[in-house]
Amino acid sequence: MDTQAFLAATLAAHVGFAIFVTAHAFMTERDAGKWPFVTLALGLAGIAAYFFYDESTDSDGR
């Protein structure tokens, strides 16, 4: 695979992943926060962080 084709495929995948994270957040009424941007930059690592990183925020602000 030549370099241009690889970069184009990587860019397309990262954009698709970011759209997926944004759509999932919208459909589940979850705050997407920074995760679409992280996913755009890091791809699958961003998706994993979106699903598994849990910012613990209690209703009383702790």
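Counting begins at 1 with the first residue of the sequence. Below, each value reflects all heavy atoms present in this structure, side chains not excepted, and no hydrogens, waters or symmetry copies.
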Joint hydrophobic cluster, Val21 plus Val38, side-chain heavy atoms closer than 4.5 Å
yes
Using every non-hydrogen atom in the two residues, find where Pro36 and Ala18 come nearest and quote the distance to one decimal.
O-CB, 3.6 Å
For Phe37, what are the other residues in its hydrophobic cluster, where any two members join if their side-chain heavy atoms are less than 4.5 angstrom apart?
none
Test of understanding: with side chain to side chain contact (heavy atoms under 4.5 Å, CB included), list the residues that count as partners of Leu11, not counting sequence neighbours.
Val15
Just say parallel, tilted or perpendicular for the rings of Phe20 and Phe51, cut-offs at 30° and 60°.
tilted
Closest heavy-atom pair and its distance - Tyr53, Arg30:
O-NH2, 4.4 Å
In Phe17, Trp35, Phe52, the residue satisfying side-chain contact (heavy atoms from CB on, under 4.5 Å) with Ile47 is Phe17
Point-to-point distance, once rounded to the nearest 0.5 Å, from OG1 of Thr22 to OH of Tyr50:
8.5 Å
